[in-house]
Amino acid sequence: MAFSNASLLSSSSLYKLNPVLFSHRRRTVTLYRFHLRILKPRFLAVAASDNGVFTSPEIAKSFDFTSEERIYNWWDSQGYFKPNFDRGSEPFVVTMPPPNVTGSLHMGHAMFVTLEDIMIRYNRMKGRPTLWLPGTDHAGIATQLVVERMLASEGIKRVELGREEFTKRVWEWKEKYGGTITNQIRRLGASCDWTREHFTLDEQLSRAVIDAFIKLHEKGLIYQGLIGLETASNEMIENHQWKKGSYMVNWSPNLQTAVSDLEVEYSEEPGTLYHIKYRVAGGSRSDYLTIATTRPETLFGDTAVAVNPEDERYAKYIGKSAIVPMTFGRHVPIIADKYVDKDFGTGVLKISPGHDHNDYLLARKLGLPILNVMNKDGTLNEVAGLYSGLDRFEARKKLWSELEETGLAVKKEPHTSRVPRSQRGGEVSYICLAFLLNVLIHQVFGFYANLSNNQIIEPLVSKQWFVTMEPMADKALEAVRKGELTIMPERFEKIYNHWLSNIKDWCISRQLWWGHRIPVWYIVGKDCEEDYIVAKSTDEALKIAQKKYGKDVEIYQDPDVLDTWFSSSLWPFSTLGWPDASAEDFKRFYPTSVLETGHDILFFWVARMVMMGIEFTGTVPFTNVYLHGLIRDSQGRKMSKTLGNVIDPLDTIKEFGTDALRFTLALGTAGQDLNLSTERLTSNKAFTNKLWNAGKFVLQNLPARSDGSAWESLLAQKFDKDEYLLQLPLPEYWVVSKLHILVDAVTTSYDKFFFNDVAREIYDFFWGDFADWYIEASKAHLYQSEDQAVASTSQAVLLYVYENILKMLHPFMPFVTEELWQALPNRQEALIVSPWPLTSLPRNLTAIKRFENLQALREKDVLALLSRLDMQTIRFTDSPPGDANQSVHLVAGEGLEAYLPLADMVDISAEVQRLSKRLSKMQTEYDGLRARLSSPNFVEKAPEEVVRGVREKAAEAEEKLNLTKTRLSFLQSTILVSE
C-alpha cells in the first residue's frame, strides 16, 4: 500500500502508552517544539461561566484545588445529591460504611469514599435515582476511651461522675467533635444525601436495635451465657457444681469489657517458658510431671493434667491425681487424651479451662469443671489464695520465686509466644514500639521486660449475652449459593463460606456505659439469671413485672451495652426506616444495590448484615458486595505511625488535589492492596493539568458566543449515524470512531465494577489519542484551512469528543471535570446530572486502521513535515505514485510506504543527510542479520521457526535498503543538477 499528497497526520508529541518504551522527556521536547510554532487561531474564545462558582481555563493557568469546596457546596445547594425520580428508573442505593464518630480521615476512608462515589455518580448520570446514605458509628469502646482520657486530663474519673453524667458528657463531646469525620468525607467529593444522614445512636436506629434484640430473643436466638466460678472449694469442684451455661470470652482488663473474637489480633512477641513440677499424689519424690507454661499464674485454675494415652512415659500415672503447686495440696486428675501432643514440650498439659480457649473446649468435651482465678481488672481473686489481689504479672514473678524456693521450679527459658491483643483501645497500637524496645533491652541487659503487660487480652469465663448464629449463617450461605448475593472479587466467596460454615455464637454484650443499653430488666431480690424481662422501655418492663410480681416490685436494667457491630449489622435497613416496613424510604430503596467496604471487615460487618437482613426482612440487604484492598506505602508496608509512613489524605489533597488522589486510588484492583506513592500522585496531578490544558485549547478554538451562524453550523453537526461519519475527514472519522468504541468499553467496565479498567481506558484515549494526536491534527483545519466548513467540523469534533471525555471521567475526577464542563458553551445542566454518553454509536474500523497506519510514521522530522500538509489530499493506492521520485519516501512498516511531495516543503540537502544516516543504520542491521544466517551454529542449532523469522527479517531489510539507496541516489542527483 502507498499514499501520496499526505497532509497533517498527527501530533508529534507521540503519547507513550508504555513508559518503558517511551520516555516523558521525549514527549516534553516534542510538545515544546510545537508550542514554538507561530499559529494564529482564527476564532475567539468563548466566555466562562458567570455564576461566580467556576473558573474557566482561559483565565486560570491550571485548576485551583481551593475551588473544590466551593464546587462541592454548589452541588449540595442545588440538591444534586438527592435521588431524582424524574426518569423513573430503578434506584441505585449504597449505604456508606459508617466511620467511627471519633475518627479522622485516613486513606482507608479515602478509598471507600472514592469507589462508592464513582458508583453513585456513574449511576446518577445513567438516569437512575441514586441514594448514597451517609452516617457515623457511635464506636462504643473508642468513644468512651476518648472521653475518659479527656476527663482524666481534668482530673476526673468516669466512676466519680456516674453513668448518667458521664453519658451526658459523651453526647456533649459528640456534638462538638463528632462532625469532623463527615466534614472531611465531604472534602473528598462524596455526593451523599446528607439530609438522610444517620448516627447509630439516633432515635430511629436505637428503636431498630431494641426491636431486633427483642425479636431474636423471642425466637430463642439470644441467650445469656452464665458466669463461671469466681471462687470454688475442692468439694464444689469434685461435685461439679459449676455453671453449665458458662462461656469463654476475650476480656480486656484495660478496657474492662469483653471484645469480639474478630477484634483480637495475635502478635509474635518475646516471652518466657516456665517448667514446673506437679507431684503425683501418693507417690515418691521422684514421681512428678513437668509441665511447661507461659502463664504460670493460671495454675490456680487448673482442673486436670493431661497426657497422651500412647505416651509410655506417663502411662503409669493415668487415673491418679496430681498436686497443683502452691495450692495447699489441691488435687486434680491425671487424664489421657489424644489432644495432647506427646512430642511437644514435655508432653504434659495443664488444663486451665477458665483461662485458655483450647482448655475450655477440652473441658467441655471431657466434663471437667471450669475454675476462674482472675478478676475483671486483671488481678487474681480468692481462688489464688495468698496471691489474691495481686496483678497477674506481679503474681507471676512472686509465684516463680516461691516455686524456686520450694524446689518445684525446673527451669525457665526465652520463648516467643502468640500474644492476644485487642484492636480496640490501644492494645495493638502499642505492640510495635514495645516489641522493638523489648528486643533492645534483651540485647543490652539479657532479659525481657513486661512493657505492655496491662494491654494483653485475657481469655475469661464471664456472664455475657450471645446470639446463636448457626441458623442465620445457613441462610446467608444459601443466599450466595443461589446467586442472590454476589461477592467481588469472587475469591472472597470461599473465605465467606468458610467462616459462616464454622461460625461461633456471637458475644454481643459489652461492659461499657456508651452505647445501646441491653433492653433487659431484672427483679430486685430475684436470681437475675432466671428472672429477667425483655422490653422496649423501663415503663413497659415495669408493667410486665408488676403484673407478675405485684405493684411493689422493683426492677433494674442490665448495665451492659450491645456490641457496636450489633447496631451496625442493621445499618442497610434501619437507616431506611425499619422496623417500619411501610416507611417510604424502606419501600423505595430496600434492598440496596451494593455494599462496598474493605475486605478486612468481611466477617465483622458484611456477613452479619447479610444474616440480619435475611432474618428481619426476608431478603439479602444488598445484591452485590464489592471488597477493596488495603492502602500500603510505596514499599508495600502497612501504614503506621511507628514506621512514619502514614500518608494523610488532607495533606495529599492540598498538594495534589482531590481528583488526582481519587484517580490514583481507583487504579487499584478490587480486593488487592494498593501501594501508594508520591510518584503516582504526581503523575495523576499531571493528568489533571493535561485535561485542563486540553480544555483551554478547545475553548480558545471555538466560535465567539456572539457568532450565531458559526454556532448554528457547529451544533448542526451530529455523530450518531453512519451517514454523518462518512462525511468526516479521516482524523475526525478516526477520533470519533475511537470515542464510540471507548464509550462502549467504559460503560461495560463501569457496569462490571472494573473501575481500574475504566480509569486506564479513559486515560489512554485522552492522552494518547485525543491530546497527543487529534488536537495536533486539528490545527491545520483550525489555523490554515480557508474552508469554513472544514474548520467548523474540527470544532464540532473537538467539542463532542472533549465533552464526552469529561462525562466519562466525572465519576473519578468530579471537581476538575465540573469546572471544565461549566466553561463549555451552551451547557444546559451541571455535569454531575448530565446524561451518560450514548452507547452502540457508529464507528469505522477501516478509518481507524488507516489513521493508525499514518501514526506508524513516527519520525520527528517527518511529522514536522506532515503537520504542514492537507489531510484531505491523502490517497491510499496499491502502487507508488507517478511522481515518486519527487517525493520524500518513508517505509513505515510491513506493507506501508509513504510518498510525501517535496515541492516547497523540504530542504533536499537536509533530506539527503537524513537518508544517509538512515541508510547507515539499515545497513548495520542488515549485516547483522546476514551474519547470523551465515553462521552454521545458528542455522543448524536454532529452532526452525527462529531461523525462518530471521530470514524473513533479512529479506525485508534488504528490500528497504534497496529502496532507500534508490531514493538517496535520486536526491543526490537532484542536488548536482541544481548546482
Side-chain angles (χ1 to χ4, degrees), residues 225-251 261 276-283 288-311 314-342 344-375 380-385 392 458-464 466 504-505 507 529:
L226 305 180
I227 195 165
L229 293 179
E230 294 194 358
T231 60
S233 64
N234 283 336
E235 181 181 359
M236 292 172 66
I237 294 174
E238 289 170 2
N239 295 327
H240 284 207
Q241 293 176 358
W242 49 281
K243 307 293 186 176
K244 293 183 180 179
S246 60
Y247 202 92
M248 177 162 284
V249 298
N250 301 294
W251 184 263
D261 288 348
I276 305 171
K277 290 181 181 179
Y278 278 53
R279 298 195 185 280
V280 178
Y288 63 86
L289 302 173
T290 300
I291 63 94
T293 178
T294 57
R295 301 162 66 213
E297 69 279 4
T298 63
L299 64 79
F300 298 109
D302 289 355
T303 58
V305 172
V307 297
N308 190 290
E310 299 177 358
D311 195 334
Y314 309 119
K316 62 182 179 180
Y317 298 130
I318 296 172
K320 295 184 178 183
S321 294
I323 303 172
V324 180
M326 312 306 290
T327 62
F328 302 100
R330 182 164 68 83
H331 292 187
V332 295
I334 301 173
I335 63 174
D337 194 276
K338 291 183 178 180
Y339 171 77
V340 181
D341 184 354
K342 63 181 181 179
F344 180 79
T346 64
V348 183
L349 177 70
K350 64 184 284 293
I351 300 177
S352 309
H355 299 280
D356 182 273
H357 287 284
N358 292 324
D359 290 2
Y360 172 78
L361 296 174
L362 186 60
R364 293 188 65 171
K365 182 184 78 170
L366 300 175
L368 296 173
I370 298 176
L371 188 61
N372 182 20
V373 304
M374 198 170 294
N375 296 315
L380 301 192
N381 60 28
E382 291 82 356
V383 176
R392 52 188 163 156
E458 283 291 338
L460 200 67
V461 176
S462 175
K463 180 180 70 174
Q464 303 290 339
F466 295 87
K504 297 179 181 178
D505 287 355
C507 176
E529 297 165 0

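Not measured: the values here are computed from a predicted model.
- With sequence neighbours left out, the side-chain hydrogen bond (donor to acceptor under 3.5 Å, both in side chains) criterion links Tyr317 to Asp287.
- Side-chain contact between Leu362 and Ile351 is present, with heavy atoms from C-beta onward closer than 4.5 Å.
- Interatomic distance, SG of Cys507 versus CE of Met248, reported as 12.5 Å (0.5 Å rounding).
- Scanning for side-chain hydrogen bond (donor to acceptor under 3.5 Å, both in side chains) contacts around Arg279 gives an empty result, with sequence neighbours left out.
- For Pro296, the side-chain contact (heavy atoms from CB on, under 4.5 Å) partners at least two apart in sequence or on another chain are Tyr274, Ile276, Thr293, Arg396, Leu399.
- Taking the side chain as every heavy atom from C-beta outward, Asn308 and Asp341 never approach each other to under 4.5 Å.
- Not counting sequence neighbours, the partners of Lys365 by the salt bridge (charged side-chain N to carboxylate O under 4.0 Å, His left out) test are Asp337.
- Residues Trp251 and Gln464 form a side-chain contact, since some pair of their non-hydrogen atoms from C-beta on lies under 4.5 Å apart.
- Scanning for salt bridge (charged side-chain N to carboxylate O under 4.0 Å, His left out) contacts around Asp311 gives Arg313, with sequence neighbours left out.
- Residues Val307 and Leu349 fail the side-chain proximity criterion, which asks for heavy atoms closer than 4.5 Å.
- Within the model, atoms CD1 of Ile291 and CG of Leu299 stand 7.0 Å from one another, a figure rounded to the nearest 0.5 Å.
- With sequence neighbours left out, the side-chain hydrogen bond (donor to acceptor under 3.5 Å, both in side chains) criterion links Thr298 to Lys350.
- Considering only heavy atoms from C-beta on, Leu289 comes within 4.5 Å of Ile334 through its side chain.
- More than 12 heavy-atom neighbours from other residues, nucleotides or ligands sit within 6.0 angstrom of OH on Tyr314.
- Shown here are the side-chain contact (heavy atoms from CB on, under 4.5 Å) partners of Ala336, two or more places apart in sequence or in another chain: Pro309, Ile318.
- Applying the side-chain contact (heavy atoms from CB on, under 4.5 Å) criterion to Ala281, with sequence neighbours excluded, gives Ser321, Ile323, His331.
- Under the ring pair (Phe, Tyr, Trp, His ring centres under 6.0 Å) criterion, Tyr278 pairs with no residue, sequence neighbours left out.
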